Amino acid sequence: MSTTLASAEIRAFQRELIAWFARVKRDLPWRRTRDPYAIWISEAMLQQTRVETVIDYWRRFLARFPNAAALADAREEDVLGSWSGLGYYRRARNLHAAALAIRERHGGVFPRDPELVRELPGIGRYTAGAVLSIAFDAPEPLVDGNVARVFARLFELEAPLGSKELERELWSLAERLVPARGAGDWNQALMELGATLCAPKKPRCDACPLARRCRALAAGSVETLPRPKARRASVEVELEVLCVERDGAWLFVRRPSDGRMAGMLELPTIEVAAAGRERLHPIAHAAGVELRASEPLVQVRHTITHHRIRAQAFVGRTARRALPEPYEWHASSRLGELPLTGLTKKVLRALRS
DNA sequence: GAACCGTGGAC
DNA sequence: TGTCCAAGGTT
């Protein structure tokens with residue numbers, strides 16, 4: 001079942017939504033540039049991440065890596081350091097790899113050809129459409145979570161999020177609706193509507209410029225669309241964390257180069273359930289660390305995807321300066337530059353207060 | 001196609 | 001407190 005759209009209807013959608021966007025659009029820092037590199041970075045950061053969180057990260061990242069050449073010249077370690085705390089760290093690795101590809105394949109210039117853009121690591125159909133339409137005003141469609149919600153309601157699409165059927169219909173609508181000129185504004189207007197009025201909960205239909213055309217509003221199904229996809233239940237995990245400071249440096253462990261939080265640094269950590277009675281002692285022993293007290297110094301709660309974490313941090317001491325892999329010492333004055341995991345940042349923050 | 005990948009904030 | 005969610009991409 002596919003939605004039909006008359007061309008007069010399409011023009012009306014475009015006119016009304018773009019006029020609304022021109023009136024109410026938020027003043028976001030990446031909206032003050034047409035630099036495809038800067039816009040690309042914002043799009044990568046905004047994936048599954050809130051605007052308020054991204055703003056500071058984007059400013060710092062652009063100051064440190066102002067263009068694709070600078071990013072290509074950087075060490076991956078430093079790119080991860082700038083990303084530390086944002087999550088989904090593969091995005092940072094992909095950015096760095098894509099910057100290298102732009103240098104090698106495109107002379108350091110962000111490509112304009114959609115097929116070439118799509119070949120860059122970490123850039124899928126959405127991000128390609130976003131950068132090309134916003135930076136170059138290319139008539140490329142896009143569908144993100146906002147657009148999916150807006151379309152599902154406007155056209156009363158019943159297929160569940162993530163289903164093949166809904167995906168096909170959403171992209172078909174996006175292709176038919178995107179204007180030949182002003183695609184960047186149109187795409188951003190759709191997302192802005194989803195982010196500010198057509199919200200997941202308690203949408204503000206009273207203020208919506210498209211309310212008159214919304215099938216779900218007419219049918220009273222706005223709150224039930226789009227149909228959510230099933231979610232995995234979350235699991236409780238108990239961790240113990242080892243805090244060792246010596247000569248103004250902290251003891252960290254380098255995570256493996258693949259899997260969760262690949263290549264990041266964290267405080268030595270063990271899962272209580274997997275540790276048996278020995279608890280922290282195995283890693284403490286490996287690092288020659290002596291636990292100073294049996295009582296945790298701080299307790300921290302954290303969530304990672306479908307895990308709910310309760311972490312207790314213990315303080316230890318060691319006489320050893322040189323340690324085998326994966327242990328590393330890092331000066332406490334440089335913690336802000338390191339690719340630390342979110343949990344580790346949280347523990348260190350708690351220790352300091 | 002489903003699972004995986006992080007985090008902080010709203011309610 | 002638990003749950004849901006936010007400008008997705010990769011495997």
Side-chain angles (χ1 to χ4, degrees), chain A residues 25-26 28-31 39-58 80 83-95 97-98 117-134 141-150 160-168 170-171 174 184 186-196 198-203 226 228-237 255 258-264 266 300-310 339-346 349:
Chain A
K25 72 173 175 181
R26 291 169 291 176
L28 304 174
W30 45 87
R31 285 183 173 160
I39 292 167
W40 166 43
I41 302 302
S42 78
E43 291 300 337
M45 287 186 172
L46 285 162
Q47 289 170 14
Q48 307 294 289
T49 309
R50 309 186 104 83
V51 166
E52 316 83 71
T53 304
V54 166
I55 291 174
D56 284 343
Y57 277 93
W58 184 84
L80 284 170
W83 205 269
S84 172
L86 256 190
Y88 286 144
Y89 296 100
R90 189 175 341 209
R91 295 182 294 176
R93 295 170 160 274
N94 282 336
L95 278 181
V117 172
R118 279 297 305 276
E119 287 173 4
L120 296 171
I123 298 192
R125 196 173 178 184
Y126 163 78
T127 305
V131 176
L132 289 167
S133 67
I134 297 170
L142 62 74
V143 175
D144 73 331
N146 290 308
V147 177
R149 187 168 52 254
V150 168
L161 285 172
S163 69
K164 203 73 185 175
E165 182 189 347
L166 185 68
E167 287 302 301
R168 191 169 52 243
L170 291 171
W171 279 98
W186 164 257
N187 284 333
Q188 291 187 83
L190 271 178
M191 295 190 284
E192 191 84 346
L193 184 66
T196 60
C198 197
K201 294 167 187 167
K202 299 191 176 177
K229 67 169 105 179
R231 285 177 183 278
R232 280 184 66 174
S234 65
V235 182
E236 190 97 17
V237 179
R255 292 183 62 88
D258 56 356
R260 194 184 286 274
M261 294 172 277
M264 304 290 288
E266 64 184 2
V300 164
R301 302 188 69 81
H302 192 65
T303 55
I304 298 177
T305 315
H306 59 98
H307 298 273
R308 294 193 307 278
I309 297 171
R310 288 182 313 166
L340 304 178
T341 68
L343 174 60
T344 289
K345 290 183 106 171
K346 209 179 272 187
R349 207 179 309 139

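These numbers were taken from a predicted model, which means no experiment stands behind them. To find a chain, count down the sequence lines: A is the first, B the second, and so on, and within it residues start at 1.
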Would you measure the distance from the P atom in C:dA7 across to the matching atom in B:dC5 and give it in whole Å? 22 Å
Quantified in whole Å, what is the P atom distance between nucleotide B:dG8 and nucleotide C:dG9? 23 Å
Separation of B:dT7 P from A:K346 NZ (nearest whole Å): 8 Å
Interatomic distance where CG belongs to A:L80 and C1' belongs to B:dG6 [whole Å]: 13 Å
Go nucleotide by nucleotide along DNA chain B from the 5' end; which of A:G87 and A:K164 gets its closest nucleotide reached first?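 Closest to the 5' end, via its nearest nucleotide, is A:K164.
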When you match A:S163 and A:R349 each to their closest nucleotide on DNA chain B, which lands nearer the 5' end?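 Closest to the 5' end, via its nearest nucleotide, is A:S163.
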Do A:E236 and A:R301 sit within salt-bridge range, that is, some charged N less than 4.0 Å from a carboxylate O? yes
Taking side chain to side chain contact (heavy atoms under 4.5 Å, CB included) as the definition, give me every residue that meets it alongside A:T49, ordered by chain and number, with sequence neighbours left out.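 If we apply the side chain to side chain contact (heavy atoms under 4.5 Å, CB included) test to A:T49, skipping adjacent residues, the hits are A:T53, A:V54, A:L86, A:R91.
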I'd like to check the salt bridge (Lys or Arg N to Asp or Glu O under 4.0 Å) partners of [X]; sequence neighbours left out, ordered by chain and number.
| X | answer |
| --- | --- |
| A:R149 | none |
| A:R93 | A:E76 |
| A:R26 | A:E192 |
| A:R255 | A:E266 |

Under 4.0 Å protein heavy-atom contact, by nucleotide of nucleotides 4-11 of chain C - B base, S sugar-phosphate only: SBBBBSS-
